[in-house]
Amino acid sequence: MLMTRMLVPTLREVPKEAEVISHQLMLRAGMIRKLAAGVYTFLPLGYRVLRKVEQIIREEMNRAGAQEVFMPALLPAELWKETGRWGVYGKELFRIKDRHDREFCLGPTHEEIITDLVRNSINSYKQLPVNLYQIQNKFRDEIRPRFGVMRSREFGMKDAYSFHATEESLDQEYQNMYQAYCRIFDRLGLEYKVVEADSGAIGGGYSQEFMVIADTGEEPVYFCEGCDYCASRDAAGVAEYVVSETQTKSDGKPEKVKTPDQKTIEEVAQFLKVKPAQMIKTLIYETESGPVAALVRGDHELNEAKLKKVLAVEDLKLADEKVIKKVTGAPLGFAGPVKLKNVKIVADHAVLLIENGVTGANEQDFHLTGVVYGRDYKADVVADLRYALEHDVCPRCKNSKLKVKRGIEVGHIFKLGTKYSKKMKANFIDENNQEKPFIMGCYGVGVGRTAAAAIEQKNDKDGIIWPISIAPYQVAVIPVNFDEKDQREVAEKIYKELSVEGVEVVLDDRPGRVGMKLKDMDLIGFPIKIIIGPKGLKEGKVELKLRSTGEMKLVDKGEVLQEVLGILG
RNA sequence: CGGAGCGUAGCUCAGCUUGGUAGAGCGCUUGGUUUGGGACCAAGAAGUCGCAGGUUCGAAUCCUGUCGCUCCGACCA
């Protein structure tokens, strides 16, 4: 491709709307342009990258035995009403009406559609398992689209759905997809981690997220330095504390002290001159099965997902002042576990180890000091309730420490079970002539987001550093001065040689100075540059420069092809 | 949805307080000199100042409304 024929509107300055580096660079390199908030056009270079990512995904999905289909983006409301998601999905669903006032939406995901297809075309266990996928644009009316194509309202996604007769079959396919995903992200040349994600309130569901590690990632990733443990913030476990038998406990009784208007942990800790770690934070929650008091150490943060799981409830919310008053007898800020009645008490492991604990006295403007677990209060349940912290001991190997990095979620794999098939009466006949709901899995990869994540991970002050597997072109041929006959001829010859061999190559045939051209080529991030200038040409040589390392090599002009093919492997 | 901010040339921004000819840099066009990491000279094109209404002899500037965009939070996961 000739640069003079290509639409590549590079920008020298950073458009002010772009905050993260991938967004800035995609705009500056002329890969995307915004049409509306969270809606982007992919220009020729950007689209090539997108198609390459798609192609890698497609090849690995096919290799894993999945079949590609293509479902509509325009979806009738009825199917969504069957599963109840027409109501549940809320404002994030783009809803439209046709001329007859019939309700439709633009698909944010396709569980209902694929389940409908399968229930209508598969009747017997003999036709299972099956894994169907598509690569298609999804629509989600994000509350706040941001970071360019990283979180947009229309975005490309590969979504796969598998259907099984047995749990074992699902487990097998889940592993198969796990492997396929690893191959995909390996081929993309990205550093990633697979985290155990919290599956929410849906029992039995198990899911893992593929996270590309990058400083600008939206979610923290907790992983062990010693073993392969890796989890999201919600799911990261905390190793159980071993209660030492030699631990001394404070004598006597808890003492009541006046703490006027001191409500927060910080306020009370400062007022009484104790460390937050010595305090027992008491949070009152409302659930569908009554109020609950959750205890964590003052310097720890309660993880509601864990609490939900421990209590086995679906609804969980912090109680308002009225409920707190009813439960503790005191206003907000003075709750404590001592003599707390008619409420289930759940404590984090770390709370049991507090000697001389400080906590609310369940009385306005009073706290208790010298509180000890076992003697002064007891919990109905002791469990892991808090968010893990960096440097915590790994909950799996209990040997090394946890580290935290940030990640961008680019893929997730999920065991759905029968959540959709039951609601949609999607059944098959098993070998015992029994009618059973399909057991399902689903597996997604964000295409545009993956491209953006690659940039977040690989860039420098000059621009993007594409992995060769998804670079828009592999090689850029750059004559220092295209007007000079000998440079031009060599450049065109090399360009043709490479093209004939199937190498993806651009020829920078633009007039103008070489500095401008090199800046553009680096900004766009072509992995290999071949620079043809008068100095080298005198010796019959051209420069071959790698974007990733900056490494430069003088190569005989006749051997460029071999060199390039060698690098591309 | 709450809070903050911004809409002036393709991009980055000045001008607005104190109303009176529409500005700069980069980019673009033409000509010339240049050509190894975003050159220089000369000439030029380009904006209904987001939109609508109001005040005024006169509005980019003041007032009201509206639309769009960005950030923080809430929400979602």
Side-chain angles (χ1 to χ4, degrees), chain A residues 7-20 23-24 27-30 33-40 43 85 88-93 108-109 138 140-148 150-153 195 197-202 205 207-209 211 217-220 232-235 303-305 308 317-318 407-412 414 444 446 449 460-463 476 478-488 491 508-524 529-538 541-543 545 547 550 552 554:
Chain A
L7 179 61
V8 188
T10 55
L11 263 24
R12 192 185 296 204
E13 284 169 288
V14 182
K16 62 175 174 182
E17 70 198 46
E19 207 197 349
V20 296
H23 189 194
Q24 294 175 351
L27 286 167
R28 285 190 56 211
R33 283 295 183 267
K34 183 175 71 177
L35 182 62
V39 183
Y40 290 86
L43 277 57
R85 286 212 293 180
V88 175
Y89 222 98
K91 288 184 187 159
E92 217 167 290
L93 195 60
T109 174
K138 305 291 188 202
R140 290 182 194 172
D141 196 357
E142 291 281 347
I143 295 174
R144 189 137 87 81
R146 56 183 138 179
F147 307 148
M150 217 109 79
R151 182 181 283 265
S152 50
R153 297 194 293 176
V195 308
D198 181 75
S199 54
I202 313 152
S207 83
Q208 286 169 300
E209 291 173 352
M211 312 285 290
E218 285 192 82
E219 287 178 59
S232 70
R233 181 165 135 89
D234 267 348
N303 180 337
E304 294 188 1
K308 248 183 186 173
K317 61 170 187 183
L318 268 173
I408 300 162
E409 181 191 341
V410 289
H412 84 265
F414 204 105
R449 178 181 279 197
D460 63 14
K461 63 171 175 28
D462 292 318
I478 307 152
V480 167
N481 184 350
F482 197 65
D483 290 334
E484 292 289 336
K485 186 161 167 272
D486 42 347
Q487 288 177 44
R488 184 172 67 232
D508 197 346
D509 57 338
R510 295 176 297 176
R513 304 173 79 87
V514 70
M516 176 271 288
K517 295 194 232 181
L518 291 171
K519 286 285 182 196
D520 267 358
M521 299 295 108
D522 285 347
L523 177 60
I524 294 164
K529 288 191 293 284
I530 293 163
I531 304 161
I532 297 136
K535 287 182 201 162
L537 227 45
K538 264 185 237 161
K541 292 192 187 293
V542 301
E543 278 170 39
K545 209 166 177 183
R547 179 70 178 88
M552 192 271 275
L554 280 174

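Every chain is numbered from 1, with letters handed out A, B, ... down the list of sequences.
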- [ ] Using the C1' atom as the reference point in each nucleotide, state the distance between B:A4 and B:G37 in Å, no decimals.
- [x] 41 Å

TODO: Determine the interatomic distance between P on B:A43 and the same-named atom on B:C51; round to the nearest Å.
DONE: 32 Å

TODO: Taking A:R547 for its side chain and A:D522 for its backbone only, find out whether a donor-acceptor pair lies under 3.5 Å.
DONE: yes

Task: Distance below 4.0 Å between A:R12 side-chain N/O and B:G27 OP1 or OP2 - done: yes

Open item on the list: If I take atom CE from residue A:M521 and atom CG from residue A:D508, how far apart are they, to the nearest 0.5 angstrom?
Closed with: 4.0 Å

TODO: Can you tell me the distance, in whole Å, between the CZ atom of A:R510 and the P atom of B:G36?
DONE: 16 Å

Open item on the list: Please classify the nucleic acid contact of A:R144 as base, sugar-phosphate, or nothing, using heavy-atom distances under 4.0 Å.
Closed with: base

Open item on the list: Can you measure A:E142 atom CD to B:A74 atom P for me and round it to whole angstrom units?
Closed with: 16 Å

Task: Base of B:G25 paired with side chain of A:E13 (donor-acceptor, under 3.5 Å) - done: yes

TODO: In plain terms, say whether A:R510 and A:D520 are close enough for a salt bridge, that is, a side-chain N and a carboxylate O under 4.0 Å apart.
DONE: yes

Open item on the list: Categorize A:P534 for me: base, sugar-phosphate, or nothing, with a 4.0 angstrom heavy-atom threshold over every strand shown.
Closed with: base

Open item on the list: Donor-acceptor pair, distance only, cut-off 3.5 Å: does the side chain of A:Q487 make one with the backbone of A:N481?
Closed with: yes

- [ ] Round to a whole Å and report the spacing from CD of A:E19 to P of B:C71.
- [x] 6 Å

Open item on the list: Could you tell me how far B:U64 sits from B:C6 if I compare only their P atoms? Round to whole Å.
Closed with: 15 Å

TODO: Respond yes when some side-chain nitrogen or oxygen of A:K34 is under 4.0 Å from OP1 or OP2 of B:U70, and no when none is.
DONE: yes

Task: Gap in Å between the two P atoms, one belonging to B:C41 and one to B:A52, rounded - done: 41 Å

Open item on the list: Measure CG/A:L11 against P/B:C28 and give the value in whole Å, please.
Closed with: 12 Å

- [ ] For the side chain of A:E543, starting at C-beta, report the closest nucleotide among B:G73, B:G37, B:G36.
- [x] B:G36

Open item on the list: In whole Å, measure the gap between the P atoms of B:G44 and B:G23 for me.
Closed with: 14 Å

TODO: Name the residue closer to the 5' end of RNA chain B, choosing between A:H23 and A:R28 according to the nucleotide with the nearest heavy atom.
DONE: A:R28

- [ ] Write down the distance between CZ (A:R449) and C1' (B:A77), rounded to a whole number of angstrom.
- [x] 10 Å

Task: Contact nearer the 5' end of RNA chain B, comparing A:F147 with A:E484 - done: A:E484

- [ ] Determine the Euclidean distance between corresponding P atoms of B:U8 and B:A45; express it in Å to zero decimal places.
- [x] 23 Å

Open item on the list: Please give me the minimum heavy-atom distance between A:G38 and A:P145, naming the atom from each residue.
Closed with: CA-CB, 3.8 Å

Open item on the list: Partner lookup for B:U70, please. Criteria are Watson-Crick or G-U wobble with both distances under 3.5 angstrom; report none if nothing qualifies.
Closed with: B:A4

TODO: Please confirm whether any donor atom in the side chain of A:R513 sits under 3.5 Å from an acceptor in the base of B:U34, or the reverse.
DONE: yes

TODO: Under a 3.5 Å limit for both distances, which nucleotide forms a Watson-Crick or G-U wobble pair with B:G58, could you say?
DONE: none

- [ ] Determine the Euclidean distance between corresponding C1' atoms of B:G68 and B:C49; express it in Å to zero decimal places.
- [x] 16 Å

- [ ] Could you check how far CG of A:L518 sits from C1' of B:U35, rounded to whole Å?
- [x] 12 Å

Task: Syn/anti label of B:U21 as read from its glycosidic torsion, with the cut at 90° from 0 - done: syn

Open item on the list: Which nucleotide, if any, forms a Watson-Crick or G-U wobble pair with B:C26, using both distances under 3.5 Å?
Closed with: B:G10

Open item on the list: Of the options B:G37, B:U70, B:U35, whose atoms approach the side-chain atoms of A:E17 most closely?
Closed with: B:U70

Open item on the list: Should the side chain of A:K545 and the base of B:G37 be counted as holding a donor-acceptor pair, with the cut-off at 3.5 Å?
Closed with: yes

- [ ] Spell out yes or no: do the side chain of A:N481 and the base of B:G36 have one donor N/O and one acceptor N/O closer than 3.5 Å?
- [x] no

Open item on the list: Please report the interatomic distance CD(A:E484) to CG(A:L537), rounded to the nearest 0.5 Å.
Closed with: 10.0 Å

Open item on the list: Salt bridge or not between A:E19 and A:R146? Use side-chain N to carboxylate O under 4.0 Å.
Closed with: no

TODO: Determine the contact category for A:D462: base if any of its heavy atoms lies under 4.0 Å from a base atom, sugar-phosphate if only primed atoms, P, OP1 or OP2 are that close, otherwise nothing.
DONE: nothing

TODO: May I ask you to say what A:K16 touches in the nucleic acid, namely base, sugar-phosphate or nothing, with a heavy-atom cut-off under 4.0 Å?
DONE: sugar-phosphate

Task: Selection from B:C69, B:C76, B:G37 that lies nearest to any side-chain heavy atom of A:E92 - done: B:C76

- [ ] Counting Watson-Crick and G-U wobble pairs only, both distances under 3.5 Å, name the nucleotide matched with B:C76, or none.
- [x] none

- [ ] Give the rounded distance in Å between these two atoms: CG of A:L27 and P of B:U70.
- [x] 11 Å

Task: Sugar-phosphate only, base, or nothing, as touched by A:G90 at under 4.0 Å among non-hydrogen atoms - done: nothing

Open item on the list: Pairing check on B:A39: which nucleotide meets the Watson-Crick or G-U wobble criteria with it, both distances under 3.5 Å?
Closed with: B:U33

Open item on the list: Taking side chain to side chain donor-acceptor pair (under 3.5 Å) as the criterion, tell me which of A:R153, A:K91, A:R151 meets it with A:E142.
Closed with: A:R151

- [ ] With heavy atoms under 4.0 Å as the rule, sort A:V480 into base, sugar-phosphate or nothing.
- [x] base

Task: Pairwise C1' distance, B:C71 and B:A9 [rounded to whole Å] - done: 26 Å

Open item on the list: In whole Å, I'd like the distance from the CD1 atom of A:I478 to the C1' atom of B:G37.
Closed with: 11 Å

